[in-house]
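What follows is a single structure, written as structure tokens, with notes after it.
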Amino acid sequence: MDLHHITSQRSPLSPDEVQAWEPGFAWLAGGTWLFSEPQPGLNTLLDMGKFNWSALQADEGTGLEIAATCTIAQLHEFGGSASLPESWRATPLIQTCCEALQSSFKIWNEATVGGNLCLGLPAGGLISLAAALEGICIVWRRSGAPQSILASEFVTGIQQTTLGPGDLLRSIHLPHWALKKQPAWRRFSQTQEGRSTALLIGTRCPETGEVLLTITAATVRPIQLRFPSLPTVSELSNRLQESVKSSDYFNDPHGTADHRRHLVHYFAPQIIEELA
């Protein structure tokens, strides 16, 4: 879509070149959402293409660092690499969450991981990945020191995040101990490659037996339930009732709130059983 209100596009070599943030400014990464609908409030795009951040940095001892400018295609290819550490049992989630997105290969080669998180849509597959693997978002603030924010807390509502005007998501760090966990997941969409109505991911620590259940797509923000060990069916049901409020589910063309609630209560026991 042509953005008729844009009067200027700049390509800084680093974020430091943008010394003053003004109303109408917007960071431009892949731009797949930015150019998908009118943006009457914007007049200047700040292209991040020349930042030259390394897309992916993997270290078996520390984990995986994903630059905000890493494309979905790059991350998906990495998730299928034969050179991944054998101890990283949760890496199948990488391709699973990339493929949960409603997008074509053309989008994959332009859209970025950071853009998916910053957009804050409930069905953002990379939000699901980052939250489930207990990722840390590194945020560069316009004022003050960089901040580390749990990915599960980075998105606060539908298209709402902790970012302020001009703030920049630098990277997402997936810790090595989370990548070593045993994964299980369930997803529902109305069509085979459609937007997710519900995406639930469970992980189990091989050392302590701790279980983490992450609920996304069905709720306005990621919701996590942590158990010291495998919960019983009744324990799981009670926690779901207590932790996920009716207002956390929502209605849209891809599903009603009641349907989403049903899916969460239907899939959660299956995930726990698989982790057992």
Side-chain angles (χ1 to χ4, degrees), residues 3 5-37 39 41-58 62-75 78 97-98 101 107-122 124-131 133-175 221-222:
L3 302 182
H5 297 275
I6 302 300
T7 58
S8 175
Q9 179 171 326
R10 294 158 53 184
S11 299
L13 298 179
S14 76
D16 294 337
E17 290 188 17
V18 185
Q19 297 182 355
W21 191 264
E22 300 178 14
F25 279 15
W27 293 112
L28 171 64
T32 54
W33 175 81
L34 195 64
F35 285 93
S36 70
E37 58 183 66
Q39 307 289 346
L42 302 182
N43 56 51
T44 301
L45 299 181
L46 304 170
D47 192 345
M48 301 165 60
K50 292 187 178 180
F51 288 178
N52 293 323
W53 292 340
S54 178
L56 295 155
Q57 299 182 64
T62 59
L64 176 63
E65 197 78 16
I66 308 171
T69 50
C70 174
T71 66
I72 295 170
Q74 288 173 314
L75 182 61
F78 173 84
C97 290
C98 288
L101 294 168
I107 299 295
W108 277 22
N109 283 291
E110 295 294 334
T112 61
V113 176
N116 193 253
L117 268 78
C118 293
L119 185 53
L121 290 174
L126 284 313
I127 297 173
S128 306
L129 175 69
L133 292 183
E134 299 166 83
I136 303 294
C137 295
I138 309 302
V139 176
W140 287 0
R141 300 292 187 187
R142 291 302 302 174
S143 58
Q147 285 188 317
S148 298
I149 303 172
L150 287 172
S152 58
E153 299 176 359
F154 179 77
V155 176
T156 58
I158 298 178
Q159 291 191 278
Q160 297 176 356
T161 70
T162 59
L163 294 175
D167 290 348
L168 194 60
L169 176 62
R170 170 60 180 88
S171 62
I172 305 96
H173 177 73
L174 304 182
R221 57 181 176 79

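Treat the numbers as computed from the prediction; the structure is a model and nothing was measured.
A55 and C70 make their closest contact through O-CB, 3.6 Å (heavy atoms, listed as atom of the first residue, atom of the second, distance). The shortest heavy-atom contact between L169 and C137 is CD1-CB, 3.7 Å. In terms of heavy atoms, A58 sits closest to F78 at CB-CZ, 3.9 Å. Scanning all heavy atoms of the two residues, the minimum distance from C118 to T161 falls at O-CG2, 3.5 Å. The two residues A151 and A131 make their nearest non-hydrogen contact at CB-N, 3.9 Å. Nearest heavy-atom pair across L3 and Q39 is CD2-CG, 4.0 Å.
Between the side chain of Q74 and the main chain of T71, a donor-acceptor pair closer than 3.5 Å is present. A distance-only check finds no donor-acceptor pair linking the side chain of Q9 to the backbone of D47 [under 3.5 Å]. Looking at D167, its side chain does come within 3.5 Å of a backbone N or O of R142 through a donor-acceptor pair. T7 places a side-chain N or O within donor-acceptor distance of the main-chain N or O of N43, the cut-off being under 3.5 Å. Using modelled atom types, no side-chain atom of H5 and backbone atom of G24 make a donor-acceptor pair closer than 3.5 Å.
Side-chain polar atoms of T32 and E110 form no donor-acceptor pair below 3.5 angstrom.
Note that CG of L34 is 13.5 Å distant from CH2 of W27, once rounded to the nearest 0.5 Å. Atom CD1 of I66 and atom CG of L129 lie 6.0 Å apart (nearest 0.5 Å). If you take OG1 on T156 and CZ on R221, they are separated by 9.0 Å, rounding to the nearest 0.5 Å. Note that the CG atom of L42 and the CD1 atom of I6 stand 5.0 Å from one another [nearest 0.5 Å]. Here the straight-line distance linking atom NZ of K50 with atom CZ of R10 works out to 13.0 Å at 0.5 Å rounding. For the atom pair CG (L133) and CD1 (I172), the distance works out to 12.0 Å, reported to the nearest 0.5 Å.
By the 6.0 Å contact criterion, CD on Q19 is open, its count of non-hydrogen atoms from other residues, nucleotides or ligands being 12 or less.
With L101 as the fixed residue, the side-chain contact (heavy atoms from CB on, under 4.5 Å) test singles out one of L126, I107, L121: L126.
At least one side-chain heavy atom of Q159 sits less than 4.5 Å from a side-chain heavy atom of L119. Side-chain contact check for L168 versus M48: some heavy-atom pair is nearer than 4.5 Å.
The distance between the ring centers of W53 and W140 falls below 6.0 angstrom.
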